[in-house]
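Protein chains get the first letters and strands the later ones, always in sequence-line order, with residue 1 at the start of each.
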Amino acid sequence: DGGITQSPKYLFRKEGQNVTLSCEQNLNHDAMYWYRQDPGQGLRLIYYSQIVNDFQKGDIAEGYSVSREKKESFPLTVTSAQKNPTAFYLCASSTGQGAREKLFFGSGTQLSVL
Amino acid sequence: AQSVAQPEDQVNVAEGNPLTVKCTYSVSGNPYLFWYVQYPNRGLQFLLKYITGDNLVKGSYGFEAEFNKSQTSFHLKKPSALVSDSALYFCAVRYPGSARQLTFGSGTQLTVLP
């Protein structure tokens, strides 16, 4: 899992609660990403950030928010607007451009609803 | 839009036998194609990628993949499977010049039987 740390490993959310998933990398990568993994659906892109203080919505951004105040950190907040948050969340970062680009993943956070 | 399909949810193979995990991609230009592997409760690990050149790409852990433009396929192969190869395998695609990150297939669970 390289130099990407996700915490916590397991997280439980109560109804109407916002929760924040942490992602920290020490690889000096500019780009960072959040994916959601559901059984049988592969990975779907939530948000991505190509540079500090900038981020873009992915395919399923509704009900989520992010910030990128530091190069090393890209936290994901799952808001109460996300009605089906139970999933495995993966953070990734990438190095290089175009053909040389390569994704490195953290070990994931399993979010469940109480 | 870039997309990949993994037609098999599950592949079972006996240890020592050759294995193939299938992937096809949507036709649009010349894509970059990737294979990643995921072990239980872990992030994804890069196996190999095709950018251009030789259609047979060799990657980590003895895996290889063959790019077939006429069939729009990028199947993952290994001549002799190991029990430790049992994992979830993802094919992914990205088109050059696209602002989007990788688009992943739905995954194929490979089980190697002793």
Side-chain angles (χ1 to χ4, degrees), chain A residues 1-10 21 23 25 27 29-51 54-61 74 88-111, chain B residues 1-11 21-26 29-54 57 59-60 67 87-109:
Chain A
D1 297 324
I4 301 178
T5 302
Q6 287 187 243
S7 61
K9 192 172 179 65
Y10 300 97
L21 285 61
C23 178
Q25 55 103 355
L27 301 170
H29 290 171
D30 287 316
M32 297 186 73
Y33 310 86
W34 275 105
Y35 288 91
R36 170 177 170 143
Q37 184 178 13
D38 295 279
Q41 293 192 46
L43 278 67
R44 291 181 290 169
L45 184 64
I46 305 173
Y47 268 99
Y48 62 103
S49 168
Q50 303 281 25
I51 197 168
D54 184 55
F55 49 82
Q56 306 295 328
K57 293 182 179 181
D59 297 317
I60 55 165
F74 192 41
F88 191 56
Y89 290 85
L90 285 163
C91 178
S93 67
S94 70
T95 180
Q97 296 284 334
R100 292 186 297 278
E101 190 169 15
K102 183 175 173 180
L103 277 180
F104 294 81
F105 284 84
S107 56
T109 294
Q110 175 65 50
L111 176 62
Chain B
Q2 57 189 43
S3 67
V4 289
Q6 294 181 243
E8 301 161 317
D9 292 335
Q10 174 83 39
V11 170
V21 182
K22 296 180 180 177
C23 172
T24 59
Y25 63 92
S26 61
N30 298 308
Y32 299 156
L33 293 157
F34 303 78
W35 277 101
Y36 282 81
V37 59
Q38 184 181 32
Y39 296 98
N41 300 314
R42 302 294 297 276
L44 277 66
Q45 297 176 32
F46 172 83
L47 276 180
L48 52 81
K49 67 179 178 182
Y50 172 82
I51 303 300
T52 187
D54 193 349
V57 179
S60 307
F67 174 68
L88 187 58
Y89 290 81
F90 289 97
C91 183
V93 66
R94 180 173 180 176
Y95 285 92
S98 167
R100 294 301 316 278
Q101 225 334 303
L102 295 179
T103 298
F104 287 86
S106 55
T108 298
Q109 179 66 48

Shortest non-hydrogen contact from A:L90 toward B:R42 =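 In this case the closest contact between A:L90 and B:R42 is CD2-O, 4.3 Å.
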
Qualifying residues under side-chain contact (heavy atoms from CB on, under 4.5 Å), relative to A:Q110, sequence neighbours excluded |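 By the side-chain contact (heavy atoms from CB on, under 4.5 Å) rule, A:Q110 matches A:Y10, A:T86, A:F88, A:S112.
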
Residues that A:I60 engages under side-chain contact (heavy atoms from CB on, under 4.5 Å), provided they are two or more places apart =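 With neighbours one apart ignored, the set is A:R36, A:R44, A:I46.
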
So do the side chains of A:L103 and B:R94 get within less than 4.5 Å of each other, counting heavy atoms only?
->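 Not in contact.
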
Which answer fits A:Q56, side chain, backbone, both or neither, if we ask what part of it has an atom under 4.5 Å from a heavy atom of chain B?
->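 Neither part.
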
Spatial distance of atom CZ (A:F104) from atom CZ (B:F46) [nearest 0.5 Å] |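 Output value for this atom pair is 8.5 Å.
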
Would you give the length of the straight line joining atom CG of B:L102 to atom OH of A:Y35, rounded to the nearest 0.5 angstrom?
->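 One gets 5.0 Å once the value is rounded to the nearest 0.5 Å.
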
Using a cut-off of under 4.5 Å on heavy-atom pairs, state which of A:G108, A:P39, A:G42, A:A31 scores highest against chain B.
->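 Counting heavy-atom pairs under 4.5 Å, the top option is A:G42.
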
Most heavy-atom pairs under 4.5 angstrom with chain B, which of A:K9, A:Q41, A:Q6?
->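 Looking at each option in turn, the highest pair count goes to A:Q41.
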
Region of B:Y36 that comes under 4.5 Å of a non-hydrogen atom in chain A =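 Contact with chain A: side chain only.
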
Identify which part of B:Q109 has an atom lying under 4.5 Å from any heavy atom of chain A, answering side chain, backbone, both or neither.
->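 Interface part for B:Q109: neither.
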
